[in-house]
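Each ligand, and each atom within it, is numbered from 1 in the order the structure gives. Keep in mind that the numbers below use all heavy atoms, side chains included, and drop hydrogens, waters and symmetry copies.
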Amino acid sequence: MAAALAASENPQAHVILLERQARVGRKLSATGNGRCNLSNLHALEGGYHGDDPAFAKAAINAFSPKETLDWFRKMGLFTVAEESGRVYPYSDQANSVVDVLRFALNKPNITLITGFEVAKVKKSAQGFTVEGPEQSYTCDKLIVACGGLAGTKLGGSMSGYKLLRGFGHHVTKLRPALVQIKSDWNGAVSLKGVRCNCHAQILRDGAAVAESSGELQWTEYGISGPVIFEISRDVCQGAGQWLCRLDFMPDIGREVLLEELKRRRGTSALAEDLLTGILHNRLGRVLTQTAGIKNQRTVASLKDWELEQVVDAVKCLEVALTETMGMDSAQVTAGGIVTAEFDPQTMQSRLVPCLYACGEVLDVDGDCGGYNLQWAWSSGRVAGYHAAEGNYD
Ligand SMILES: Cc1cc2nc3c(=O)[nH]c(=O)nc-3n(C[C@H](O)[C@H](O)[C@H](O)COP(=O)(O)OP(=O)(O)OC[C@H]3O[C@@H](n4cnc5c(N)ncnc54)[C@H](O)[C@@H]3O)c2cc1C
C-alpha cells in the first residue's frame, strides 16, 4: 500500500495493486494487539537485523519516522507517541491505520484488485506479465511486497520468496522472530497468565547472547511478552544448552531483599506468603517452592541459607528453553531475500532491472516496538517512488 501510494504520486503512473486476500491490510489490522504500533521514533538509530543490518538505513533515512507520521497525518491519521518512542494511532485502533490507507488508495491512477493471488511472474518484452489463476496483467515496473512467512493465519506465506526466486534471487534461512519461547521448566504451567516485570538474559552454553528488561508473560508452554519477543531472535537456533536467566527485582539488590526476608522471620506468616507484597502472589509461591521450601513451613523456621536460596530464585531463576513457537505465532520473519541483490537506495533488484522489493520479504527484521512497520512504510515508499520515476507516456 505504501509503495502503491508513493508510485501514484507520479500522475503519469498507473498503479495496479494486487492483493490475494479479500481485503487489504489484514495483517496490519491485527498488529500491536489490535492497536498497531505503527512506528518507533528511534528507528533512525538502528534496531534492524539481517545478514546486512545496515541495509535498512538508506530507506529509513529517506523516509524517516517523522516523515512517516506527517504522511499519515496528511491521510487523516492522528497518532500518539509513548515515552519509549512507540507510536500508535490516537484512536488506539489498528483499523484506523488500515482505513486511512484504504481511503488514500481510492484515487484515479490506482486500481485495487483484491482476491487476486499472483501465482507467476514472467519477464516480457514490455516489462512483466503477472499471472493469477484466471487473469494476467502486464506492467513495466514490478514491486514485490508480499510480506514474509510470519503470522501465517493472517496471510504470511512463502509467496513473495517464490516469486523472487523465479527471477534468480536467493533466500537466506527463514526463522521466526518476535516470538514466544517454549520451556520445560515445570513452574511455568502454574504461572500461566501471570505478568511481571523482569530483566531477562538468554544464555547458550553459559554464555550470554541477548538481554532485555520489560514485561514477561507466563504461558502454559513457557514464556512470552515484550521482554521475551525482544530477545527471541535466533534462540534455540543451533546446538547447545539454551537458558533464560530471570531477575524479577532488577532494581533491588540481593542484600535489601535478604534483609527484608530475615525481618519477616519475626512474623507468624507461612512460607507460602514469604514473598507476599513483593511479587505477584502466584509467582512468589512458585519461586519459594523452587527454592526448595515447603509452603506450610513457618517463615520463622527458615534458616539463613534457605532465605539465600529464595533470593537466588527471585534474582537469578534459570529456565531451560526447548524451542521457539513457530511461524504461526511469530510477528516477523528473520531472514528473507538476500539484500545484497537489491540497491538499498532504490529497492531495485541488481539482477533484474525494473523489479523492486520491499518490506518483510527482504532479509530485514526489526526490534519489537514499531520497527517492522516502519521498515515496511520506508522501504515501500522508496520502492514506489523509484519505480514510478521513469518515463511514462
Ligand atoms: C500478530 C502480529 C502483530 C504485529 N504487530 C506489529 C506491530 O505492532 N508493529 C510492527 O512494527 N510490526 C508488527 N508486526 C509485523 C508487521 O505486521 C509486518 O512486519 C509488516 O506487516 C510487513 O509488511 P509487508 O507489507 O512487508 O507485508 P504484509 O503486511 O504481510 O503485506 C503483504 C500483503 O501481500 C499479500 N500477498 C502475499 N502474497 C501475495 C500474492 N502472491 N498475490 C497477491 N497478494 C499477496 C498478503 O496477503 C498481504 O496482504 C506484527 C505482525 C504480526 C503477525
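- With distances taken over non-hydrogen atoms, the option nearest atom 28 (P) of ligand 1 out of Gly132, Ala119, Gly147 is Gly147.
- Taking atom 8 (O) of ligand 1 as the reference point, the nearest protein heavy-atom neighbour is Gly32 N, 2.9 Å.
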Yes or no on ring pair (Phe, Tyr, Trp, His ring centres under 6.0 Å) for Tyr137 and Phe116, after CA distance, side-chain angles and deciding distance?
CA-CA 11 Å; Tyr137 293 91; Phe116 185 102; 5.4 Å; yes
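- Residue Lys107 qualifies as enclosed at atom NZ: its count of foreign heavy atoms under 6.0 Å is above 12.
- Although no hydrogens or angles enter the test, the distance criterion places no donor-acceptor pair under 3.5 Å between the side chain of Arg233 and the main chain of Pro176.
- Contact analysis puts Ala145 in contact with ligand 1, with a non-hydrogen atom separation below 4.0 angstrom.
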Quick one: do His280 and Phe248 satisfy ring pair (Phe, Tyr, Trp, His ring centres under 6.0 Å)? Show the steps, please.
CA-CA 10 Å; His280 187 291; Phe248 297 101; over 10 Å; no
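- Both Val314 and Ile252 are part of a single hydrophobic cluster, where members link through side-chain heavy atoms under 4.5 Å apart.
- Two rings, from Tyr371 and His42, have their centers 6.0 Å or more apart.
- Close contacts of ligand 1 with Lys27, meaning ligand atoms under 4.0 Å from a residue heavy atom, involve 17 (O), 21 (O), 30 (O).
- The two residues Ser39 and Gln374 come nearest to each other via the heavy atoms OG-OE1, 2.6 Å.
- Note: Phe78 and Phe72 fail the aromatic proximity criterion, with ring centroids not under 6.0 Å apart.
- Nearest protein neighbour of atom 2 (C) of ligand 1, counting heavy atoms only, is Gln331 CG, 3.9 Å.
- Atom numbering of ligand 1 starts at 1 in the shown order; those under 4.0 Å from a heavy atom of Ala376 are 23 (O).
- Ligand-side atoms of ligand 1 in range of Thr31: 3 (C), 4 (C), 5 (N), 6 (C), 7 (C), 8 (O), 13 (C), 14 (N), 17 (O), 50 (C), range being under 4.0 angstrom from any heavy atom.
- The only option from Asp367, Asp365, Asp363 that meets the side chain to side chain donor-acceptor pair (under 3.5 Å) definition with His49 turns out to be Asp367.
- Of all the atoms in ligand 1, the ones that sit under 4.0 Å from a non-hydrogen atom of Gly359 are 26 (O).
- Heavy-atom contacts from other residues, nucleotides or ligands closer than 6.0 Å to CD of Glu318 number more than 12.
- Not a single heavy atom of Arg26 sits closer than 4.0 Å to an atom of ligand 1.
- Counting only non-hydrogen atoms, the option in Asp367, Val364, Val118, Leu18 that gets closest to atom 40 (C) of ligand 1 is Val118.
- Nearest protein heavy-atom contact of atom 1 (C) of ligand 1 is Leu154 CD1, 3.9 Å.
- Using a 4.0 Å cut-off between heavy atoms, Cys146 contacts ligand 1 through both its backbone and its side chain.
- Among Leu17, Asn37, Asn372, Leu149, the residue whose heavy atom lies closest to atom 7 (C) of ligand 1 is Asn37.
- Counting atoms of ligand 1 from 1 in the listed order, those under 4.0 Å from a heavy atom of Tyr371 are 11 (O).
- Formation of a donor-acceptor pair under 3.5 Å by the Lys123 side chain with backbone atoms of Phe128 is not found in this model.
- For the pair Glu360 and ligand 1, the shortest N or O to N or O distance falls below 3.5 Å.
- Shortest contact from atom 49 (O) of ligand 1 to any protein heavy atom: Glu19 OE1, 2.6 Å.
- For the atom pair Leu355 CG and Leu142 CG, the distance stands at 5.5 Å (nearest 0.5 Å).
- Put simply, no part of Ala150 is less than 4.0 Å from ligand 1, judged by heavy atoms.
- The distance from ligand 1 to the heavy atoms of Phe116 drops below 4.0 Å at these ligand atoms: 42 (N), 43 (C).
- With a 4.0 Å cut-off on non-hydrogen atoms, Trp375 does not touch ligand 1 at all.
- Residue contacts with ligand 1, taken as heavy atom pairs separated by less than 4.0 Å, involve Leu373 via backbone and side-chain atoms alike.
- Arg20 N, 3.0 Å is the protein heavy atom nearest to atom 44 (N) of ligand 1.
- Ionic pairing of Glu308 and Arg254 is present here: one or more N-O contacts between side-chain nitrogen and carboxylate oxygen are shorter than 4.0 angstrom.
- Hydrophobic cluster membership is shared by Ile202 and Val227, with clusters built from Ile, Leu, Val, Met, Phe, Trp and Tyr side chains linked at under 4.5 angstrom.
- Taking every heavy atom of Ser159 and a limit of under 4.0 angstrom, the matching atoms of ligand 1 come to 38 (N), 39 (C), 40 (C), 41 (N).
- Of the candidates Ala330, Gly369, Ala22, Gly156, the one placing a heavy atom closest to atom 53 (C) of ligand 1 is Ala330.
- Ligand 1 has no nitrogen or oxygen under 3.5 angstrom from a nitrogen or oxygen of Gln374.
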